[in-house]
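Notes for the one structure printed next.
The model shown is predicted, which means the values in this text are computed figures rather than measured ones. We count residues from 1, following the sequence as given.
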Amino acid sequence: MGSPTPPFPADRRAHMEQLRRAEHARRRRTRALLAAGAAALVLTLGVGGALLANATDSGGGGGGDRATTARDGAAREDSGDGKNPGETPHPAHPGEAHPGEPANPGEAAPGGTAAPREAAKPRPPAGVRSWDASKLGRDHVSGEVSYPMTPPVGGNHHDRWMTCDGIVYERPVRDENAVHSLEHGAVWVTYSKKARKADIAALANKVGRTPYTLMSPYDGQRDPLTLTAWGKQLSVDSAKDPDVDRFLAAYVQGPQTPEKGATCSGGLTR
């Protein structure tokens, strides 16, 4: 048998061109597959990292919060009063709540029952004259005191008060003892010689039914009828004046009282 006939040069060139094209196509497919694989790997790593971060937050976040809470609690414990660490809590001032006491009237102390809330005092009459309570002395003295107003509305006074639990005195009482009664939250009703007997009787009846009040004649006053509390005073012409009841309601043991709750019993009676 004879040897195969070699291909013609033109056919050989066509065959080589076909092989080069096939090789180029294979390389393009390989590069495309590599790029797709790399993209898939990046995406997988990204998703996996996000899942791992979420798992870490869910599992360890509570511990971080607890650690923060513990640190905050330790800081409050160091400070003693919840302020700055190392700061010594100051003792409560008058009017502030002490440990175990309610902060506000009517609030229940820890482990106790609520104290009754004090009813608000009504508004005083429009004609009330007022003096600066900070300028009214409160020292106990043994001699006479020269008061700048008549009857006096406060100031230094004797250490004994006039009994003032609804007492009507038929004779004048000493200013220094009556002022001490005002310091306890009493209202002192006084009348001059110009007062009508009917008004005197009506006021005496009212005072007799009102704790923390006293009544006496007072010759040196300008008006017929005067009502006096610590730092407050009202003059009226008639016992029927509605301002009488308003004054009593506002200032018997009112907010002006320096020694609120102090007794009106056990004092002098003449």
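No continuous path of ILVMFWY side-chain contacts below 4.5 Å connects Met215 to Leu268, so the two sit in separate hydrophobic clusters. Cluster membership for Val153 and Tyr218, using ILVMFWY side-chain heavy atoms within less than 4.5 angstrom, is shared. Both Val173 and Val145 sit in one connected hydrophobic cluster of ILVMFWY residues. Membership requires side-chain heavy atoms under 4.5 Å apart, directly or through other members. By the criterion of side-chain heavy atoms lying less than 4.5 angstrom apart, applied directly or through intervening Ile, Leu, Val, Met, Phe, Trp or Tyr residues, Tyr251 is not grouped with Ile167; the two fall into different hydrophobic clusters. Taking hydrophobic clusters as Ile, Leu, Val, Met, Phe, Trp and Tyr residues chained together by side-chain heavy-atom distances below 4.5 Å, Val187 does not share a cluster with Met149.
Taking each heavy atom of Gly143 and Glu176 in turn, the nearest pair found is O-CG, 4.0 Å. Between Pro224 and Asp237, the shortest heavy-atom contact is CD-OD1, 3.8 Å. Contact between Ser265 and Asp165 at its shortest, heavy atoms only, is OG-OD2, 3.1 Å. Of all the heavy atoms in Gly220 and Thr150, the pair that sits closest is O-CG2, 3.7 Å.
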Indicate every side-chain donor-acceptor pair of residues 201-209 with a distance under 3.5 Å to a residue at least two apart or in another chain.
unit_1	atom_1	unit_2	atom_2	d
Lys206	NZ	Asp245	OD1	2.9
Arg209	NE	Asn205	O	3.3

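Atoms CD and OG1, from Gln233 and Thr226 in turn, are 5.5 Å apart once rounded to the nearest 0.5 Å. Atoms NZ and OH, on Lys260 and Tyr212 in that order, are 10.5 Å from each other to the nearest 0.5 Å. Note that OG1 of Thr213 and CG of Leu248 are 7.0 Å apart. Values are rounded to the nearest 0.5 Å. Note that the CG atom of Leu227 and the CG atom of Leu234 stand 6.0 Å from one another [nearest 0.5 Å]. Distance check: Asp199 CG to Lys240 NZ gives 8.0 Å after rounding to the nearest 0.5 Å. Note: Asp159 CG to Asn177 CG = 8.5 Å, rounded to the nearest 0.5 Å.
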Test log, rule side chain to side chain contact (heavy atoms under 4.5 Å, CB included), inputs Arg270 and Arg171:
CA-CA 8 Å; Arg270 62 178 182 178; Arg171 296 181 179 180; over 6 Å; no

In sequence, state the C-alpha distance, the side-chain angles, and the governing distance for Trp161 and Val179, and then conclude on side chain to side chain contact (heavy atoms under 4.5 Å, CB included).
CA-CA 7 Å; Trp161 59 92; Val179 167; over 6 Å; no

For Leu182 and Thr228: C-alpha separation, side-chain torsions, deciding distance, then whether side chain to side chain contact (heavy atoms under 4.5 Å, CB included) applies.
CA-CA 8 Å; Leu182 302 183; Thr228 304; 3.9 Å; yes

Step-by-step side chain to side chain contact (heavy atoms under 4.5 Å, CB included) determination, Tyr147 to Asp175:
CA-CA 9 Å; Tyr147 294 104; Asp175 286 350; 3.7 Å; yes

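Considering only heavy atoms from C-beta on, Arg196 comes within 4.5 Å of Ser238 through its side chain. Using a 4.5 Å cut-off on side-chain heavy atoms (C-beta onward), Phe247 and Pro124 make no contact. Side-chain contact between His140 and His158 is absent, with no heavy-atom pair separated by less than 4.5 Å.
Among residues at least two apart or in separate chains, side-chain hydrogen bond (donor to acceptor under 3.5 Å, both in side chains) pairs with a member in residues 181-193 are Arg138-Glu183, His157-Glu183, His180-His184, His184-Glu259, Trp188-Ser216, Thr190-Gln221. Applying the disulfide bond (SG atoms under 2.5 Å apart) test to residues at least two apart or on different chains, the pairs with a partner in residues 241-270 are Cys164-Cys264.
Judged purely by atom type and a 3.5 angstrom limit, Asp223 has no side-chain atom pairing as donor or acceptor with the backbone of Leu225. Not one N or O on the side chain of Gln256 forms a donor-acceptor pair closer than 3.5 Å with the backbone of Ala133.
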